[in-house]
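Take a look at the structure set out below.
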Amino acid sequence: MLELLSENRSFGGLHSRYRHLSTQLNAAATFAVFLPPQALAGALVPALYWLSGLTCTDENVMQKGGAHRLAASLGLALVAPDTSPRGAAVPTDPEGGWDLGHGAGFYVDATTSPWDRHYRMHSYVVEELPTLLEAHLPLGQARGISGHSMGGHGALVAALRHPGRYLSVSALAPICHPCACPWGQKAFGAYLGPDQRAWTAWDATLLLPSAAERLPLLVDQGLADPFLHSQLRPADLAAAAAAAGHPLQLRYQEGYDHSYFFIASFIDDHLRHHAAALLA
């Protein structure tokens, strides 16, 4: 059952926020959907799933991403889940950090206690949410996936782990090699346990060599991003793609940082990248 929280008209379409009880997360989950005018007129439309980064919710991209105008013109729905399960019963970082727990689900399926009871963001995004929305909203089964930072990591991993599930994939400033960066090591150590062999199934750089599908990757990265070398490591992804012959367009953008100013500046290129596959 979907509980409507709010709705707003936007560029002839409709932006709505919903809450529902998620079986994967064992908690209430909030998400947002932008339906373009074509969907309101009765057409089934393709959907681009957007995964946000650390500390974010569904509201960040919908309010600051600047994606509605072109999505409305193209006839592309946008779906923005939250970044983690939430609530008093959902565990979070016992040390009060912002890079673990609430707002920091890392789009993995946790396997260690106490995280495994709720932190199954991968299965929620890939399986539960699309099934729910395609049953209740005018969304077809043509899906793309994209995201920013932690969400870029989640988008790349979702596409690489599920050949045929998505027709397109892209990312902005993704965490490309989480097994080799502090953010990823902290999150994976908590959610997946100390055996680093279990981490490799959730790392885009390590998944690329054996990918069963060669979906073209579009990645934008700001050169003024303070996390570029220590946390994001796009050069690692580029090296893995080159070695595997996997199509990757990695664009370094001079002067851009990690913020939504960066995302809003290049979101149209990503929407067109997805539309070329989803509306073909």
Side-chain angles (χ1 to χ4, degrees), residues 23-24 44-52 76-81 105-111 119-135 139-172 174-180 184 188 191-192 197-220 233-234 236-251 269-280:
T23 56
Q24 288 289 349
L44 284 179
V45 298
L48 174 60
Y49 287 77
W50 173 271
L51 309 185
S52 290
L76 188 62
L78 305 174
V79 178
F106 260 82
Y107 304 102
V108 301
D109 287 344
T111 57
Y119 283 79
R120 295 183 53 83
M121 285 299 298
H122 178 79
S123 290
Y124 175 72
V125 166
V126 172
E127 299 172 7
E128 183 178 4
L129 188 57
T131 299
L132 177 70
L133 297 189
E134 289 164 15
L139 302 183
Q141 293 186 346
R143 312 174 197 95
I145 193 162
S146 186
H148 171 233
S149 194
M150 177 185 72
H153 140 75
L156 295 173
V157 168
L160 290 167
R161 285 174 60 106
H162 298 276
R165 184 72 173 167
Y166 303 97
L167 298 181
S168 55
V169 58
S170 75
L172 290 101
I175 301 173
C176 295
H177 195 1
C179 288
F188 285 7
Y191 298 145
L192 305 173
R197 291 173 295 181
W199 301 3
T200 61
W202 303 99
D203 187 309
T205 294
L206 302 180
L207 288 170
L208 262 181
S210 60
E213 184 180 38
R214 297 300 183 189
L215 275 183
L217 309 181
L218 172 62
V219 175
D220 275 296
R233 303 177 67 99
D236 295 356
L237 184 71
H246 195 115
L248 166 65
Q249 184 181 14
L250 173 58
R251 309 191 308 183
D269 290 351
H270 286 252
L271 293 177
R272 292 190 178 97
H273 167 81
H274 290 278
L278 296 173
L279 298 167

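- Take Glu134 and apply the salt bridge (Lys or Arg N to Asp or Glu O under 4.0 Å) test, not counting sequence neighbours, and it matches Arg143.
- In terms of the side-chain contact (heavy atoms from CB on, under 4.5 Å) criterion, Pro209 has no residue partners (sequence neighbours excluded).
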For a quick test of your reading: what N or O donor-acceptor pairs under 3.5 Å do the side chains of residues 272-280 make, sequence neighbours left out?
{"residue": "His273", "atom": "NE2", "partner": "Val169", "partner atom": "O", "Å": "3.0"}
{"residue": "His274", "atom": "ND1", "partner": "Ser168", "partner atom": "OG", "Å": "2.6"}
{"residue": "His274", "atom": "NE2", "partner": "Ser170", "partner atom": "OG", "Å": "2.8"}

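- Every pair passing side-chain hydrogen bond (donor to acceptor under 3.5 Å, both in side chains) that includes a residue from residues 147-157 is listed here, sequence neighbours excluded: Ser149-His258.
- Annotation: side-chain hydrogen bond (donor to acceptor under 3.5 Å, both in side chains) contacts of Asp203 (sequence neighbours excluded): His177.
- Sequence neighbours left out, the pairs with a member in residues 206-217 that pass side-chain hydrogen bond (donor to acceptor under 3.5 Å, both in side chains) are Arg214-His246.
- The side-chain hydrogen bond (donor to acceptor under 3.5 Å, both in side chains) check on Ser123 picks up Asp109, Arg120, with sequence neighbours excluded.
- By the side-chain contact (heavy atoms from CB on, under 4.5 Å) test, Leu207 pairs with Val157, Leu160, Arg161, sequence neighbours left out.
- A search for side-chain hydrogen bond (donor to acceptor under 3.5 Å, both in side chains) contacts involving Trp50 returns Ser52, not counting sequence neighbours.
- Closest non-hydrogen pair, Val79 versus Leu133, comes out as CG1-CD1, 3.6 Å.
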Kindly indicate, with the supporting measurements, whether the criterion side-chain contact (heavy atoms from CB on, under 4.5 Å) is fulfilled by Leu76 and Leu271. CA-CA 8 Å; Leu76 188 62; Leu271 293 177; 4.1 Å; yes
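- Residues Val125 and Pro81 come closest through the heavy atom pair CG2-CG, 4.1 Å.
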Check the pair Leu218 / Arg251 against side-chain contact (heavy atoms from CB on, under 4.5 Å), numbers first and verdict last. CA-CA 8 Å; Leu218 172 62; Arg251 309 191 308 183; 4.1 Å; yes
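- Remark: Tyr124 pairs with His20 by the side-chain hydrogen bond (donor to acceptor under 3.5 Å, both in side chains) rule, at least two apart or across chains.
- Pro216 pairs by the side-chain contact (heavy atoms from CB on, under 4.5 Å) definition with Pro247, not counting sequence neighbours.
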What verdict does the side-chain contact (heavy atoms from CB on, under 4.5 Å) test give for Phe106 and Ile175, after you've listed the backbone C-alpha separation in whole Å, the side-chain angles of each residue and the deciding distance to 0.1 Å? CA-CA 10 Å; Phe106 260 82; Ile175 301 173; 4.0 Å; yes
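- For the side-chain hydrogen bond (donor to acceptor under 3.5 Å, both in side chains) criterion with His122, the lone passing option out of His162, Glu127, Gln24 is His162.
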Would Tyr166 and Val126 satisfy side-chain contact (heavy atoms from CB on, under 4.5 Å), going step by step from the backbone distance to the final call? CA-CA 9 Å; Tyr166 303 97; Val126 172; 3.5 Å; yes
